[in-house]
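So that the names make sense, note that chain A is the first sequence line, chain B the second, and so on, each numbered from 1. Because the structure is predicted, anything quoted here is derived from the model rather than measured.
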Amino acid sequence: MSKLKLATAWLDGCSGCHMSFLDMDERLLELAELVDLVYSPIVDVKQYPDEVDIALVEGAVSSVDDEKKIRKIRAHTRTLVAMGDCAVTGNVPSMRNPIGPQAILERAYLENVTAQAQIPCMIVPKLLPIVRPIHEFVKVDVFLPGCPPSADTFHAALTALIQGAPLDISALTRFGA
Amino acid sequence: MSQTITIDPVTRLEGHGKITIQLNREGEVEDAHFHVTQVRGFERFSEGRPFYEMPSLMARICGICPVSHLIASAKACEAIMSVRIPHTAAQLRRMLNLAQMVQSHALSFFYLSSPDLLLGMESDPAARNLFGVAAAKPELGRAGVGLRRFGQTIIESLGSKRIHPGWVVPGGVTEPLSAEKRDAILALLPEAYANIKLALGWYKQIAEKFRQEIEVFANFPSLFLGLINEDESIEFTDGALRLIDAEGAIVADGITASEFTQVIGEAVEPYSYTKFAYYKPLGYPQGSYRVGPLARLNIAKSMGTPLADAELAEFKQLAAGPVQSSFYFHHARLVDMLYGIEKIEQILSDPLILDKHVRATAGVNRPEGAGQAEAPRGTLMHHYKVDENGKITWANLVIATGQNNHAMNQGVLQAAKHFVKNGKFTEGILNRVEAVVRTFDPCLSCSSHAVGQMPLVLSLLSADGKVLDRVVRS
Ligand code: SF4
């Protein structure tokens, strides 16, 4: 059997879910014998591959870039996992929703500065008016809540997904875990 | 014809970043930028929330260095409460902060940068990652995983969670240390010492191979900022800030958190969501400075632990004054880690370390408070204002990546000018430009606390700023 292709991606999150994934420690090296990590912030691949078996996605969708990324990921992935509370519910990034992006940008770049006050506009992506969880944009196959889900949760969930075994998420994790 | 090279995203980096390089008609590098592309709004959406919620909310800025945010935030809250936390609480928080520094440095050095150092800047990108390192030199890969596990295990043992522990609160910590946990941490030390010694020995053997990179990886005079104790030894959690110049002379000293915002300003550039910090009396960009492991070792006169002191003496031999090349961030990071392990051992032998009194309580006694700490990648400052009920009315944060932002941009330009000639570049050359940014270990989630994410893209622009080409490596 050829190795499964695993991807991890990062939208608007704090990277804590990725860090918890790395917290599998030595088990991560063992996992690498069963799957190829074909796309991730920790490997040098710049473009999302055509066919990915399992993708773990951290963070909510909050900019036009995030939206493009998640649509691309969905189109090329068999099993899409919303990893962590930000991806599942919007969590902390969505706390800006009642305020709106303009007020956020003004506070950061016009008010709390001492030189060259201006709102960045070159290359940087535009913010969406409302931050939303992944499933409001594309179909999600597995929801893995937690802020972040623990390394043991990752290990149990990935082992089940790789073997095609049944997966009882509620036994592993919960919101805010 | 002029061109633009774009690297998007910059990989093996803690967050979303892009690099753009502008070439002129002759194909020479005209300008280059590092862009951060994420924005989040913590400064704004924390308004109206109770101040005692701030540490655990602010920790969610960053999953790599949540402990630094917990500590800087708790200290800002303690300034509002006007309390001094119990000695044991201060020691336990110091240990937590050092454990985080060790794990975060392990991530930076082994998971993100060692593939370049071991396998080569131009090696096959498909294997240029932690798994490639573990295959080519298993003992090095395992040392890295082991050192990261060491730090994370201590955080879990103290705070009952590896990431975003709720244990640090305004006034101290929620639970004292037990004798069992102390002994469990002590038992981790021998393996940690063996791992860091292996890494230091290996790094010193290979560093000479990177003469070219040492020359052009953000190698220029600058100011440096970092925390020290009164006896001029290195400090991560308490102490006060010192700013030195490129010759090592003191520019400003004894800067407390409440003075921080009086002397440090922040500028905005149109191409990045991360702001640019500078020393106000010198203006922007002349007052730009560097923070982090390199700055700390340039500033500290001693480490205060025997093995790290010997390493510091050796490090200081690299240059007559402050060490200028950002390539040496890697070296400094390893010395920091050795110090962290030794210092944790020292803290555990404190006769009061198991004391049960670990939290001070008080209400709002001041309308404003600031706290500072050293995050693994450099100085971090949180500043809050509250109303009489303790609700946040205003918040500002200055994070390490913003303080290194100007140097990173200049470093990218310096390396691009050196390596990109006649408009020609290879994947390996672009990887070298990315590697400049990796030396700083910028935390893009942190630096975008204000508004967004930091993507790293390499674009080639014409002299008038038009994007001419965008190279996306696959
Ligand atoms: S769920 Fe929690 S740990 Fe994961 S990205 Fe969001 S804030 Fe960070």
Requested in this report: Count the heavy-atom pairs under 4.5 Å between each of C17(A), C86(A), C147(A) and chain B, then report the option with the highest count.
Outcome: C147(A)

Query - chain A interface, residue from K280(B), E47(B), Q103(B) that has the most non-hydrogen pairs under 4.5 Å - result: E47(B)

**Report entry** A395(B), part contacting chain A, at a heavy-atom distance under 4.5 Å
**Finding:** backbone

Query raised in the report: Between R128(B) and D44(A), is the closest basic N to carboxylate O distance under 4.0 Å?
Result: yes

Query raised in the report: Looking only at heavy atoms, what is the nearest atom pair of A82(A) and V88(A), with distance?
Result: O-CG2, 3.7 Å

Query - Per-residue contact mode, F276(B) against chain A (heavy atom under 4.5 angstrom) - result: neither

Report summary line: Okay, L37(A) and chain B: the region with an atom under 4.5 Å from a heavy atom over there is side chain

Report task. May I ask you to decide whether R27(A) forms a salt bridge with D152(A), counting only side-chain N to carboxylate O separations under 4.0 Å? Result -> yes

Query raised in the report: For L28(A), is it the side chain, the backbone, both, or neither that has a heavy atom closer than 4.5 Å to a heavy atom of chain B?
Result: both

Report summary line: From the list Q152(B), R162(B), R142(B), E156(B), the residue making the most non-hydrogen contacts under 4.5 Å with chain A is R162(B)

Report task. For each of V113(A), I42(A), N112(A), tally heavy-atom pairs with chain B at distances under 4.5 Å, and name the one with the top tally. Result -> N112(A)

Query raised in the report: Quick one: of S150(A), P120(A), P148(A), who has the most non-hydrogen atom pairs under 4.5 Å with chain B?
Result: P120(A)

Query raised in the report: How close do I104(A) and G41(B) get, heavy atom to heavy atom, and via which atoms?
Result: CG2-CA, 3.5 Å

Query - Residues T11(B), K46(A); criterion side-chain hydrogen bond (donor to acceptor under 3.5 Å, both in side chains); working and verdict - result: CA-CA 7 Å; T11(B) 43; K46(A) 308 285 179 188; 2.8 Å; yes

**Report entry** A103(A), part contacting chain B, at a heavy-atom distance under 4.5 Å
**Finding:** both

Query raised in the report: Salt bridge between D441(B) and R377(B), side-chain N to carboxylate O under 4.0 Å?
Result: yes

Report summary line: Most contact-rich option vs chain A, by heavy-atom pairs under 4.5 angstrom, among I163(B), T261(B), I264(B), is I163(B)

Query - Short side-chain donor-acceptor distance under 3.5 Å, T79(A) and D141(A) - result: no

Requested in this report: Check each atom of F131(B) against the heavy atoms of chain A and say whether the ones under 4.5 Å are side chain, backbone, both or neither.
Outcome: side chain

**Report entry** Basic-acidic side-chain contact under 4.0 Å: R78(A), E51(A)
**Finding:** no

Query raised in the report: Taking the inter-plane angle between the rings of Y39(A) and Y48(A) on a 0 to 90° scale, is it parallel (under 30°), tilted (30 to 60°) or perpendicular (over 60°)?
Result: perpendicular

Query raised in the report: Looking at V43(A), V38(A), L110(A), which makes the most heavy-atom pairs under 4.5 Å with chain B?
Result: V43(A)

